Amino acid sequence: MNPIKRIQGMQDILPEEWRYWNYVLDKGHELARLYGFERLDIPIMEKHELFERGIGTTADFFVQKEMYTIEEKKGAITLRPEFTAGVMRAYIQNGMSSWTQPVKLYLIGPIFRRERPQAGRFRQHHQFNCEILGEDDPAADVEVMMLALNLYRELGYKGLSFQLNSTGCKTCRPAYVEKLRDYLSQYVEQLGATDQERLTKNPLRVLDSKDKNVQPLLEDAPHLADHLCEDCATHFTDVQTMLQVLDAPYTINFRIVRGMDYYEKTVFEVLAQGIGAQSAVCGGGRYNLAPEIGGSSLPGVGFGSGIERIILGLKEAGIEPPAVPQPTVMIAHFGGETKVAAVKLAFELRQLGIGTRVAFARGKRSLKSQMREANNREVSYVVLLGEDELARGEVVVRPMDDRPQTTLPYADLVAYLTAD
RNA sequence: GCGGGUGUGGCGAAGGGGUUAUCGCGCCUGGUUGUGGCCCAGGAGAUCGUGGGUUCAAUUCCCACCACUCGCCCCA
């Protein structure tokens, strides 16, 4: 029988990994609260149509990333490949427009994309996601950006900066896209097959091309930032002004064009080292996608950050999170009556908040073996309950460091254990 | 979808056409009638990824497949 193995691209998160996870998640919760974001959870599956309409079928993301979709009698359902569309659905469905605006939400959970896995990229990964809904103030853009930046800073990342761009809006983008198309059309011959296809379907994406032959052509390409309408231009300037005041380093990168169709105005990424060939730990921007999924116009801004990638970066930088604390006591016994007493004592200690393990054994088990287990588990004390001790109402307490062991009345045990 | 790399006890590795497949870590037992770490002795644990081919003989050579992994693309 071949052992059954994990599905490709999916991970087990083992106990030793959890100290990293807890470190990151605790900081995420803490910052979210500090910035006034409230937690939202949504289902990991939605109707396929939500993503189809929300993400946009011309988006590379939608076209190339296979989603995990199940055909059901009532229509196709899909494991979420991102959070934003589901958040918008939840906003509309739960009538959040009647709440005090803006609504600030954060989410933590798994995301599924059927890509070929590699370092820093998985088919199931987890994101920490923050969204501000119902607000078009550029200060909101800056707030989510700073939340992300401070998350990484407080975790211990160094040398962080934003890659920033504006993708304009429905008013100014079409005119720019035509200019870009005209410009690029001169070089059709030199474009690769995918870039040629993009030129017709979504010319903006050519700016993001990794094709080394195409990159030189982009040197003199028109920049969207120079063709923004007044509203978008002001917005872009305001964001930059605030980032400067906050001493947040950023680089304007006209090639940042994100993969989802719904972005407008601000788009940004935060790059990090040490996550394989991947570089973005965080991507986000401003959008207005409620109309696509059947709601009224609603501005939003937010980011998603890959938790696995944050952790890879931490490891690369040699940042050590605190260890998960272990129980401090292990109770050893000699079976029979003494085991029953050990089990009882363990529950009493736990009631008092003292982390306790009991040595398990179906039959006889040597004290040596129990001591070895206690040593491996790094408990601070072994409490020994033998026949004699039980009869006399005593316990032997054996500190696992250099201190001598002592025999105590049962009643004095807690005082001894909590003394230091 | 396309390329590269790797598959040998639980984990990490070495090896090599033929006899009992090696080492380290981990695990178990004993040395200590009821006392861990260090040391010593012993022990359990492997269809050498799967299938086929070559050969008197394959875990070793060849082919295919599968899995894992890294990269392209794209993304968190």
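Only a predicted model underlies this, so the values are computations on that prediction, with no experimental measurement involved. Every chain is numbered from 1, with letters handed out A, B, ... down the list of sequences.
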Within the structure shown, what part of the strands sits under 4.0 Å from [X] by heavy-atom distance: base, sugar-phosphate, or nothing?
| X | result |
| --- | --- |
| A374(A) | nothing |
| F122(A) | base |
| G276(A) | sugar-phosphate |
| F334(A) | base |

* Out of T266(A), T167(A), D141(A), which residue meets the side chain to side chain donor-acceptor pair (under 3.5 Å) rule with R286(A)? ->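 Answer after filtering T266(A), T167(A), D141(A): D141(A).
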
* Asked: Hey, which of these two, G283(A) or E389(A), hits RNA chain B nearer its 5' end, going by closest nucleotide?
  ->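 Comparing both residues, the 5'-ward one is E389(A).
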
* Select from E387(A) and Q11(A) the residue whose nearest nucleotide in RNA chain B is closer to the 5' end of that strand. =>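 Per heavy-atom nearest nucleotide, the more 5' residue is E387(A).
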
Write down the distance between [atom1] ([X]) and [atom2] ([N]), rounded to a whole number of angstrom.
| X | N | atom1 | atom2 | answer |
| --- | --- | --- | --- | --- |
| N375(A) | G37(B) | CG | P | 7 Å |
| E131(A) | A76(B) | CD | C1' | 13 Å |
| E373(A) | G37(B) | CD | P | 14 Å |
| R309(A) | A76(B) | CZ | C1' | 5 Å |
| R357(A) | G36(B) | CZ | C1' | 15 Å |
| Q405(A) | G36(B) | CD | P | 11 Å |
| M67(A) | C74(B) | CE | P | 17 Å |
| I55(A) | A76(B) | CD1 | P | 10 Å |

* Asked: Given the P atoms of G43(B) and G24(B), what is the spacing between them in whole Å?
  ->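 My reading of the P atoms in G43(B) and G24(B) gives 14 Å.
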
* Roughly how far apart, to the nearest Å, are G26(B) and C63(B) at atom P? ->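 Between the two P atoms, the distance is 40 Å.
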
Are any protein N/O atoms closer than 3.5 Å to N/O atoms in nucleotides 41-46 of chain B? If there are, list each pair with its distance.
none

* To do: Hey, could you give me each pair passing side chain to side chain donor-acceptor pair (under 3.5 Å) that has a residue in residues 311-323 of chain A? Not counting sequence neighbours.
  =>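 Sorted pair list: E17(A)-K315(A), R19(A)-E320(A).
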
* Side chains of Q326(A) and R357(A), donor plus acceptor under 3.5 Å ->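 Per modelled atom types, Q326(A) and R357(A) side chains form a pair under 3.5 Å.
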
Beyond-backbone contact of [X] with [Y], side-chain heavy atoms, under 4.5 angstrom:
| X | Y | value |
| --- | --- | --- |
| H227(A) | L180(A) | no |
| Y250(A) | S161(A) | no |
| I111(A) | H125(A) | yes |
| I354(A) | T418(A) | yes |

* Asked: Given the rule in the side-chain hydrogen bond (donor to acceptor under 3.5 Å, both in side chains) test, do Y287(A) and E292(A) qualify, once you have shown the distances and angles that lead to the verdict?
  -> CA-CA 11 Å; Y287(A) 51 86; E292(A) 272 67 43; over 6 Å; no

* **Within 6.0 angstrom of D402(A) CG, more than 12 heavy atoms from elsewhere** =>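 Open: at most 12 neighbouring heavy atoms sit under 6.0 Å from CG of D402(A).
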
I want to verify a distance call: between [options], whose nearest atom is closest to the [X] side chain?
| X | options | result |
| --- | --- | --- |
| Q278(A) | G36(B), A76(B), C74(B) | C74(B) |
| E115(A) | G37(B), G34(B), A76(B) | A76(B) |
| L384(A) | C72(B), G34(B), C74(B) | G34(B) |

* Asked: Taking only side-chain nitrogens and oxygens of Q8(A), does any of them come within less than 4.0 Å of OP1 or OP2 of C68(B)?
  ->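 Answer yes for this pair, as a side-chain N or O of Q8(A) is under 4.0 Å from OP1 or OP2.
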
* Asked: Looking only at side-chain N and O atoms, does Q118(A) come under 4.0 Å of OP1 or OP2 in U69(B)?
  ->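 Result: no.
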
* Any donor-acceptor pair under 3.5 Å joining the side chain of Q370(A) to the base of U35(B)? ->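 Such a pair does not exist between side chain and base.
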
For nucleotides 1-4 of chain B, list the nitrogen or oxygen atoms of the protein found under 3.5 Å from its nitrogen or oxygen atoms, one pair per line.
unit_1: C2(B); atom_1: N4; unit_2: R116(A); atom_2: NH1; d: 2.9

Could you pull out the protein-nucleic contacts involving nucleotides 28-30 of chain B (nitrogen or oxygen on both sides, under 3.5 Å)?
unit_1: U29(B); atom_1: OP2; unit_2: R372(A); atom_2: NH2; d: 3.3

* Asked: For L199(A) and R181(A), which heavy atoms make the closest approach, and how far apart are they?
  ->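 What the structure gives for the nearest pair is O-NH1, 2.8 Å.
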
* Asked: Which stems, defined as runs of 3 or more consecutive Watson-Crick or G-U wobble pairs with both pairing distances under 3.5 Å, involve RNA chain B?
  ->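 Result, WC/G-U stems under 3.5 Å: B:1-7 with B:66-72, B:10-13 with B:22-25, B:27-31 with B:39-43, B:49-53 with B:61-65.
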
* Tell me, for nucleotides 6-11 of chain B in 5' to 3' order, what letter each nucleotide earns: B for a base near a protein heavy atom under 4.0 Å, S for only sugar-phosphate near one, - for neither? -> ------

* Asked: Parallel, tilted or perpendicular: which describes the rings of Y157(A) and Y152(A), with under 30° parallel and over 60° perpendicular?
  ->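 Y157(A) vs Y152(A) ring planes: perpendicular.
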
